[in-house]
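Throughout, a chain's letter reflects where its sequence line sits, starting with A, and its residues are numbered from 1.
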Amino acid sequence: MAVALVAARTLGRGLGALGVLLVLASLVFLALRLLPGDPAALILGDTASAADRAALRGKLGLDLPLWRQYLEFVWGLLRLDLGDSLARPGVPAFSEVGRALGPTAALAGTAVGMGSVLGTGAALLSVGPWLGRGREWVHRGVLLVAATPLLAFAPLVTFVLAVRLRWVPLPGDPGSGASGLLFASGLLALPLAAQVARIGRAALLDQARAKYLDVAHAKGASPWRVWVVHALPVASTPISVVVAAQLGALLGGAVVLERLFERPGLGSLMLNAYAARDIPVLEASVVAAGLLFVIAQSAAGLLQAAVDPRGRT
Amino acid sequence: MKRRRPLEFLPLALLVVCVSGIVFGVGGEPARLHLSQSWSAPSSEHWLGFGDAGVDLGLLAAHATFRALVLAAIVACFGFVTGTALGASTGLRGGAVERWTLRACDLVQSFPTFLLALAVLSAVRVPSRTHIGVVFCISAWAPFARLALAQTRTLRESQFVEAARALGSSSFRVVFRHVVPNLLGPVAVQLGTAAAGVVIGETALGFVGLGPPDGVSLGSLLEQGTLGMLRAPHVLAVGALSVLCVSGSLQLASEGLRRRINQGL
């Protein structure tokens with residue numbers, strides 16, 4: 001019974017996610033074809049001859065009726081084959097995307113890990129007794145970071161740490177390696193950590209009035225045991241919800257940071273494809289970013305159900 | 001006792017006055033280049049110095065901030081009006097219509113707006129500020145609609161709505177005369193958040209190269225700053241501080257609005 005329920009919910013969630021993805025893909029498809037401006041003219045420039053344009057339109061399938069183009073597009077999506085890159089002929093669009101996924105996944109994954117740990121730590125510090133009055137300041141700092149857009153502080157922090165203090169490699173340094181990744185994902189983790197800390201603090205304060213904490217306290221448990229072992233697991237549901245909700249912002253932030261640090265990845269691929277009007281790669285990369293987003297959100301949902309049995313009903 | 005905290009609205013008011021003062025009072029073209037002055041540091045005549053190709057940073061920052069604020073105001077108002085009307089009317093109707101509205105909100109809110117913007121703008125040869133505004137409008141209504149819907153759910157059971165219906169008011173009249181005025185407060189709080197989101201979104205798009213072609217945007221100002229980080233750090237400071245000022249003052253104002261409304265309730 002319970003297994004069937006879980007299976008049905010997972011299936012429903014999966015179908016919903018696929019629906020979101022299909023809508024996103026269709027939107028890209030329509031945007032590239034219906035908005036004024038002939039893609040072939042955009043790619044070749046205004047000076048290209050009519051014959052060249054017609055040849056490119058034929059190659060991209062733009063001369064077919066729209067419904068046939070759409071069917072082929074969806075079929076291509078299902079087979080993960082949207083044709084070859086225009087900028088690099090002979091390279092399938094999805095293999096370009098596959099190559100870009102790794103760096104972005106590493107950046108976003110490290111950022112989620114760092115952000116969750118940092119944020120939870122800050123939340124615990126801002127409710128627990130360890131810092132005394134200092135916990136108010138932790139909370140204020142968290143609010144300040146949460147209110148500051150990543151876009152404004154990332155370049156400033158980079159300037160101070162990379163140009164002035166030389167602690168981290170300069171943006172665009174190809175040999176930056178692990179420290180470059182850690183620095184970029186640390187920046188990306190900060191806003192996430194601030195949100196996690198805000199919600200985590202509220203959730204922990206909510207638990208603070210609960211009887212079971214009083215019992216634990218009365219039995220002589222240390223503050224560490226009371227807050228981390230007893231209260232934190234209960235408060236982890238809202239935290240995982242925040243992390244899931246932040247994933248969209250994380251992807252956007254990854255695009256900005258990839259641009260700032262000239263790192264390879266899905267964001268750079270998308271922007272380069274945009275600049276070169278490389279339609280197959282652009283379609284494939286937007287769909288892949290959407291897929292990444294949808295998978296991450298579903299994973300957060302499943303994780304939440306696994307951590308908190310109350311969400312399973 | 002109502003305690004007013006006008007201080008929270010002060011930064012935004014100051015910013016608006018300063019920026020529109022510069023835009024309308026001082027004049028000058030933000031796009032005009034003084035090539036000989038490229039990347040030169042702030043001086044007594046030009047307080048903020050010059051940027052790439054000799055752009056007057058003071059003028060550029062003021063014009064970019066002004067345009068960002070106008071765009072944010074338009075998008076936030078659009079979202080507020082359409083979202084509130086949609087949320088209130090479908091919430092009053094209830095049933096399948098309400099569920100579909102919620103589903104649509106889910107769909108729109110689960111898309112990262114940035115991805116959506118990239119997808120739509122990629123089809124336009126030269127994305128203008130109008131295109132950018134339209135993209136933000138596509139997703140701006142959803143949070144307002146969700147809030148209005150939630151408020152309407154509690155309001156629709158209340159006696160004054162029932163009385164209005166019993167007296168034979170049309171559903172249009174019930175929605176706009178009785179429901180909407182009572183849910184405006186909690187929904188209005190979202191205005192500042194939405195406006196700040198638009199400013200950040202527009203800046204991000206400009207930063208990655210999808211801004212308006214004239215280059216008068218906070219994003220391209222910030223991009224200039226990061227490109228010239230090594231030789232002219234003042235450009236970076238101007239860009240980052242402008243973004244901080246705009247988004248910070250909007251957030252403070254929305255916080256003030258929230259406090260004021262919560263006290264009023």
Side-chain angles (χ1 to χ4, degrees), chain A residues 16-17 19-20 23-25 27-37 39 41-42 146-156 158-159 162-164 170-171 245 247-253 255-256 258-260 267-268 270-271 273-275 277 279 282-283 285-286 289-290 293-294 297, chain B residues 103 106-127 131 134-135 138 196-197 199-210 218-219 222-223 225-227 229-231 233 235-237 239-248 250-252 254-255:
Chain A
V20 169
V23 172
L24 178 64
L27 207 74
V28 185
F29 170 85
L30 281 178
L32 285 171
R33 281 162 185 83
L34 285 190
L35 287 183
L42 283 177
T148 315
L150 169 73
L151 199 60
F153 74 68
L156 279 181
T158 310
F159 174 72
V163 179
R164 279 290 137 106
L170 284 171
L247 286 171
L250 213 62
L251 267 182
V255 176
V256 167
E258 280 174 11
R259 172 84 172 201
L260 175 62
S268 315
M270 229 186 281
L271 294 173
Y274 165 75
R277 302 288 169 186
I279 294 182
L282 192 62
E283 283 171 347
S285 52
V286 172
F293 178 71
V294 162
Q297 268 206 328
Chain B
R103 191 68 57 77
D106 279 341
L107 192 70
V108 170
Q109 287 188 304
S110 69
F111 275 173
T113 311
F114 191 75
L115 213 62
L116 187 79
L118 213 58
V120 175
L121 292 182
S122 57
V124 190
R125 185 191 299 244
V126 185
H131 291 123
V134 168
V135 171
I138 295 178
V199 170
I200 301 301
E202 195 236 359
T203 311
L205 285 175
F207 182 72
V208 299
L210 284 168
L218 290 172
L222 208 54
E223 196 202 1
T226 57
L227 287 179
M229 193 184 270
L230 292 177
R231 62 194 133 161
V235 186
L236 180 66
L241 290 181
S242 320
V243 179
L244 279 181
C245 284
V246 183
S247 83
L250 281 172
Q251 273 170 347
L252 266 182
S254 86
E255 193 57 36

Considering only heavy atoms, which portion of Leu222(B) lies under 4.5 Å from any heavy atom of chain A: side chain, backbone, both, or neither?
side chain
For Leu236(B) and Pro155(A), which heavy atoms make the closest approach, and how far apart are they?
CD1-CB, 3.4 Å
Report the option among Gly201(B), Gly219(B), Pro233(B), Gly248(B) that has the most heavy-atom pairs separated by less than 4.5 Å from atoms of chain A.
Pro233(B)
Under 3.5 Å, which donor-acceptor pairs do the side chains of residues 202-210 of chain B form with other protein atoms, sequence neighbours left out?
| unit_1 | atom_1 | unit_2 | atom_2 | d |
| --- | --- | --- | --- | --- |
| Glu202(B) | OE2 | Arg129(B) | NH2 | 3.2 |
| Thr203(B) | OG1 | Val199(B) | O | 2.6 |

Set of residues satisfying side-chain contact (heavy atoms from CB on, under 4.5 Å) with respect to Leu244(B), sequence neighbours excluded
Thr148(A), Pro149(A), Ala152(A), Leu241(B)
Only pairs of heavy atoms separated by less than 4.5 Å count here; which of Leu151(A), Leu150(A), Thr158(A), Val286(A) has the most with chain B?
Leu151(A)
